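Remember, it's a predicted structure, so these values are computed and weren't measured experimentally.
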Amino acid sequence: MTSIVILISGRGSNMEAIVRAAQNEAWPAQISAVISNRPDAAGLDFARSHGIPVASLDHRQFPNRAAFDAELVKLIDGYKPDLVVLAGFMRILTGEFVNHYEGRLLNIHPSLLPLFPGLATHEQALEAGVKEHGATVHFVTEALDHGPMVIQASVPVYPDDTADTLAHRVLKQEHIIYPRAVRWFIDNRISIDQNRVLISPPESQLLVSQDK
Ligand code: GRF
């Protein structure tokens, strides 16, 4: 049974998509805990109501990033995870944290990386005038929003888009690709060669949506 710990900071809709997929597809995995750095994160209620252990660790109560991350590692490791999933976890992580979970730490970023790392990705996409935008699930490495990419989903950008309409279109795809990537991990189908992620047997690592 693969043990998964999911970290959130807010709404938790990606966490929800993963939990639902795990239940609907009867994954040989257990969501051992959902942990938030914000005690009032809305996603914690969903996890609780699904019988998943929840915990929060308020980063504002720590003097610095290193102290918070060290405590977070202790908390996470109490659940003995094989995989740690960042799902809208709005914290920059220290190298110590990232290295501790090397090869078993996934993140979703709302852009077609390596384009638009950082925050406000939908605004960045509109400003740049790209006609295609999307989301990426990737392994986390020390460089922010970099690391081997597991799967990407692309969506069109329309002339009348706002950051909100674009975010909505991208989020729908996030809810498809994140559970898929986690499932691949659980089924041991992922290998990493330099910066490339290979899936065996092969399966498309790019979803192209034409959604309006
Ligand atoms: C998502 O767009 C995710 O890509 C980004 O933050 C947002 C979190 O949404 N990292 P949710 O909390 O999963 O609903």
Side-chain angles (χ1 to χ4, degrees), residues 1-36 38 41-56 76 78-90 101 103-113 133-140 147-155 165-192 197-212:
M1 225 16 164
T2 306
S3 167
I4 303 172
V5 168
I6 306 180
L7 305 191
I8 64 169
S9 292
R11 180 178 54 184
S13 69
N14 277 292
M15 174 272 296
E16 203 175 315
I18 292 166
V19 168
R20 288 191 196 281
Q23 288 175 342
N24 295 341
E25 297 170 15
W27 289 359
Q30 171 178 321
I31 315 291
S32 303
V34 172
I35 298 174
S36 172
R38 297 194 173 272
L44 291 177
D45 290 336
F46 172 86
R48 255 187 227 108
S49 71
H50 279 68
I52 299 167
V54 301
S56 56
I76 294 171
Y79 296 99
K80 302 199 181 321
D82 301 296
L83 174 66
V84 177
V85 172
L86 306 178
F89 188 63
M90 302 303 284
Y101 296 109
R104 54 189 178 120
L105 183 60
L106 287 175
N107 182 43
I108 190 157
H109 182 75
S111 81
L112 290 173
L113 290 173
H133 185 42
T136 306
V137 177
H138 66 98
F139 283 98
V140 178
M149 296 186 244
V150 180
I151 184 168
Q152 294 189 298
S154 81
V155 301
T165 58
L166 202 46
H168 179 77
R169 193 173 307 125
V170 170
L171 191 64
K172 265 171 75 178
Q173 300 306 313
E174 294 184 36
H175 295 164
I176 298 170
I177 61 173
Y178 215 174
R180 190 169 301 178
V182 173
R183 178 77 205 247
W184 285 343
F185 185 96
I186 290 166
D187 291 345
N188 240 329
R189 293 179 60 190
I190 298 183
S191 56
I192 306 178
V197 172
L198 306 174
I199 307 300
S200 54
E203 193 173 325
S204 175
Q205 289 165 265
L206 172 67
L207 247 74
V208 180
S209 158
Q210 290 301 334
D211 276 10
K212 172 72 184 158

Exercise. Are any side-chain N or O atoms of Glu203 and backbone N or O atoms of Trp184, one a donor and one an acceptor, separated by less than 3.5 Å?
Worked result: no
Problem set entry | Non-hydrogen side-chain atoms of Val85 and Phe185 separated by less than 4.5 Å | no
For this session: Would you check if Glu16 and Val19 make a side-chain contact, meaning some heavy-atom pair closer than 4.5 Å?
Result: no
Exercise. What are the two closest non-hydrogen atoms of Pro148 and Val197, and how far apart are they?
Worked result: CB-CG2, 3.5 Å
Seminar exercise, completed: Hits for side-chain contact (heavy atoms from CB on, under 4.5 Å) against Arg11, two or more places apart or cross-chain, chain-then-number order -> Ser13, Leu171
For this session: Check whether any side-chain heavy atom of Tyr79 lies under 4.5 Å from a side-chain heavy atom of Ile35, and answer yes or no.
Result: yes
Problem set entry | Taking every non-hydrogen atom, the tightest pair across Gln152 and Leu113 | NE2-O, 3.0 Å
For this session: Find out whether Pro201 and Arg189 are in side-chain contact, i.e. whether some heavy atom of one side chain is under 4.5 Å from a heavy atom of the other.
Result: yes
Exercise. Shortest non-hydrogen contact from Gly147 to His138?
Worked result: O-CB, 3.7 Å
Problem set entry | Heavy-atom donor-acceptor pair, Ser3 side chain to Lys80 backbone, under 3.5 Å | yes
Exercise. Shortest non-hydrogen contact from Tyr178 to Leu106?
Worked result: OH-O, 3.1 Å
Seminar exercise, completed: CG of Leu44 to CE of Met15, rounded to nearest 0.5 Å, is 7.0 Å
Problem set entry | Any side-chain heavy-atom pair of Ile76 and Tyr101 under 4.5 Å | yes
For this session: Determine which pairs satisfy salt bridge (charged side-chain N to carboxylate O under 4.0 Å, His left out) with at least one residue from residues 21-35, sequence neighbours left out, and list them in order.
Result: Glu25-Arg183
Exercise. With a 4.5 Å limit on heavy-atom distance, are the side chains of Leu207 and Arg180 in contact?
Worked result: yes
Problem set entry | Heavy-atom closest pair, residues Ala87 and Ile6 | CB-CG2, 3.9 Å
Problem set entry | Under 3.5 Å: donor-acceptor pair, side chain of Ser36, backbone of Ala41 | no
Problem set entry | Nearest non-hydrogen partners of Thr136 and Ser111, listed with the distance | OG1-O, 2.7 Å
Exercise. Checking side chain to side chain contact (heavy atoms under 4.5 Å, CB included) for the pair Ile190/Ile199: CA distance, chi angles, key distance, verdict?
Worked result: CA-CA 5 Å; Ile190 298 183; Ile199 307 300; 3.8 Å; yes
Problem set entry | More than 12 heavy atoms of other groups within 6.0 Å of Lys212 NZ | yes
Problem set entry | Listed partners of Ser209 passing side chain to side chain donor-acceptor pair (under 3.5 Å), at least two apart | Gln173
